[in-house]
2 protein chains.
Amino acid sequence: MADRKTVRGTPIKTPVGEQDGIDFSIIELFFFAYRDFTSDPDEILADYGFGRAHHRVLHFVNRRPGLTVAELLDVLKITKQSLARVLKQLIDTDHIVQLPGPRDRRQRELYPTEKGRALALALARPQSRRIHTALGDSGLGNRASIELFLKAMVNPELRAQIDILPANPTQKRSGDDDGEH
Amino acid sequence: MADRKTVRGTPIKTPVGEQDGIDFSIIELFFFAYRDFTSDPDEILADYGFGRAHHRVLHFVNRRPGLTVAELLDVLKITKQSLARVLKQLIDTDHIVQLPGPRDRRQRELYPTEKGRALALALARPQSRRIHTALGDSGLGNRASIELFLKAMVNPELRAQIDILPANPTQKRSGDDDGEH
DNA sequence: AAAATATGTCAGTATTGTTGACGTATTTTT
DNA sequence: AAAAATACGTCAACAATACTGACATATTTT
């Protein structure tokens with residue numbers, strides 16, 4: 001048998017691009033942007049021996065204090081076991097506490113402690129700074145457009161998860177004086 | 001000694017929010033958007049027994065045909081071993097071929113085959129569609145703003161990796177041509 | 001000839017995810 | 001009250017993707 005068991009295809013030397021009818025520039029930008037966006041908290045987490053999974057749990061418990069394990073699983077779209085490990089660590093290190101559900105005592109409502117709140121804020125701070133800078137660079141009037149765009153990128157049936165969160169109630173903030181420019 | 005081997009902190013019941021000076025809404029939207037953005041190709045990849053790592057390699061080899069292993073490692077920011085596995089699979093399945101570098105024969109230039117090009121396009125198609133829809137939903141005039149924003153989210157020192165790509169007409173590969181003789 | 005470089009590979013490990021099964025406490029249904 | 005369903009925790013086994021460190025080979029540079 002000659003070395004023909006795999007008939008190698010011919011190398012293509014022209015780059016793919018927009019002419020193929022596909023929005024490669026934004027696809028790629030999204031990849032790079034998210035990579036760097038997550039790199040900021042990753043460095044902090046490393047000091048705690050935590051990973052990105054811990055960050056996500058911490059984030060949502062801080063955003064929706066009192067949410068149950070089942071709700072958290074639904075938001076994160078992971079399995080019980082994946083959550084169990086990181087949640088246990090966060091509870092053991094006193095970043096999160098569990099309280100029995102008031103109506104249904106089988107449920108465990110998850111709350112951040114002072115320590116957990118502080119860590120969540122510390123993790124979010126560099127991300128928020130990056131976003132703020134990026135908004136400045138791209139024109140400060142774009143905030144609404146960016147929000148709309150990102151929200152439209154989410155699967156429609158899952159947008160409910162976002163709307164529940166206390167993101168929009170007092171979005172006014174007009175004339176807010178955090179102007180770096 | 002009551003159960004105080006760990007003195008648990010008090011549960012905090014108020015959600016974090018923008019009043020903490022942090023842009024939680026966009027942080028969260030970015031998370032959800034990227035999660036769903038990557039879920040489209042993930043489903044296709046599963047049919048091939050491939051994962052997200054294969055997708056990234058395939059993407060950049062198609063975007064920059066002829067890039068070397070070292071360049072690919074630099075773009076992906078992973079180690080040689082992490083790349084080795086997925087690259088080997090992609091070569092064995094004839095999605096990518098290697099050619100010795102013309103100037104330096106130690107290098108392996110990576111090129112997509114017809115098959116690899118087709119898969120890259122198939123993976124990018126639903127992502128592009130999602131982007132297009134989202135741009136439509138958020139106002140069609142926002143494309144430039146979105147691009148600027150995403151680019152500004154990338155670490156400045158790494159933006160060069162993006163500029164090299166054939167997204168913009170200023171694609172000038174420096175150095176002596178690698179001409180096909 | 002020696003050193004440096006580009007790549008490939010091996011061995012071992014960590015993190016984060018998966019599926020499936022089972023136990024316990026609690027609530028709901030019968 | 002007994003049975004079934006539910007919420008959660010946990011165990012065992014496994015898979016994908018990353019990591020570090022070491023070493024081999026071919027090739028280029030010094």
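Only this structure's heavy atoms are used, side chains among them; waters, hydrogens and symmetry mates stay out. To find a chain, count down the sequence lines: A is the first, B the second, and so on, and within it residues start at 1.
- A centroid separation of less than 6.0 Å is found between the aromatic rings of B/Phe50 and B/His95.
- Rounded to a whole Å, the CD1 atom of A/Ile91 is 11 Å from the C1' atom of D/dC8.
- For the atom pair CZ (A/Phe31) and CG (A/Asp36), the distance works out to 9.0 Å, reported to the nearest 0.5 Å.
- Here C/dT9 is the nucleotide among C/dA6, C/dT9, D/dT10 with the atom lying nearest to any side-chain atom of B/Ala84.
- Rounded to whole Å, atom P of D/dC19 lies 6 Å from atom CD1 of B/Ile78.
- OP1 and OP2 of D/dA16 both lie 4.0 Å or more from every side-chain N or O belonging to B/Arg56.
- Listed here is the closest heavy atom pair of A/Leu123 and A/Leu58: CD1-CD2, 4.2 Å.
- When distances are taken from the side chain of B/Gln98 to each of D/dC8, D/dA18, C/dG8, the shortest belongs to C/dG8.
- Applying the ring pair (Phe, Tyr, Trp, His ring centres under 6.0 Å) test to A/Phe149 and every residue at least two apart in sequence or in another chain returns nothing.
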Between protein and nucleic acid, restricted to nucleotides 11-15 of chain C and to nitrogen or oxygen atoms under 3.5 Å apart, what atom pairs and distances do you find?
none

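- Minimum interatomic distance between A/Pro112 and A/Pro65 (heavy atoms only, all atoms of both residues): CD-CB, 4.1 Å.
- Not a single donor-acceptor contact under 3.5 angstrom links the side-chain atoms of A/Lys88 to the base of D/dG9.
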- Query: Once each nucleotide of nucleotides 24-30 of chain C is scored for protein heavy atoms under 4.0 Å, what B/S/- sequence comes out, 5' to 3'?
  - Reply: -BBS---

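- Look at CD on A/Glu109: it is 14 Å from C1' on D/dC8, rounded to the nearest Å.
- Side-chain nitrogen and oxygen atoms of B/Thr79 include none within less than 4.0 Å of the OP1 or OP2 phosphate oxygen of D/dA18.
- The distance from atom NZ of A/Lys77 to atom P of C/dT18 is 11 Å, rounded to the nearest whole Å.
- Using modelled atom types, no side-chain atom of A/Arg105 and backbone atom of A/Pro100 make a donor-acceptor pair closer than 3.5 Å.
- In terms of heavy-atom proximity, B/Glu109 sits nearest to B/Gly101 at CG-CA, 4.0 Å.
- Where B/Ala70 and A/Ala53 meet DNA chain C, the nucleotide closest to each residue was compared, and B/Ala70 sits on the side nearer the 5' end.
- For the residue pair B/Gln98 and B/Leu110, the shortest heavy atom distance occurs at CG-CD2, 3.5 Å.
- Closest of all the heavy-atom pairs between A/Val61 and A/Tyr111 is CG1-C, 3.7 Å.
- In this entry the distance linking CD of A/Glu71 with P of D/dT6 reads 16 Å, nearest Å.
- Taking atom CG on B/Leu72 and atom P on C/dT7, their separation rounds to 10 Å, with Å as the unit.
- Here the closest non-hydrogen pair linking A/Val75 and B/Phe32 is CG1-CZ, 3.9 Å.
- In this structure, B/Ser82 does not reach the D/dT17 phosphate: none of its side-chain N or O atoms is under 4.0 Å from OP1 or OP2.
- For B/Leu73 and C/dT5, the CG to C1' distance is 14 Å, given to the nearest whole Å.
- Note: CG (A/Leu83) to C1' (D/dT10) measures 13 Å, nearest angstrom.
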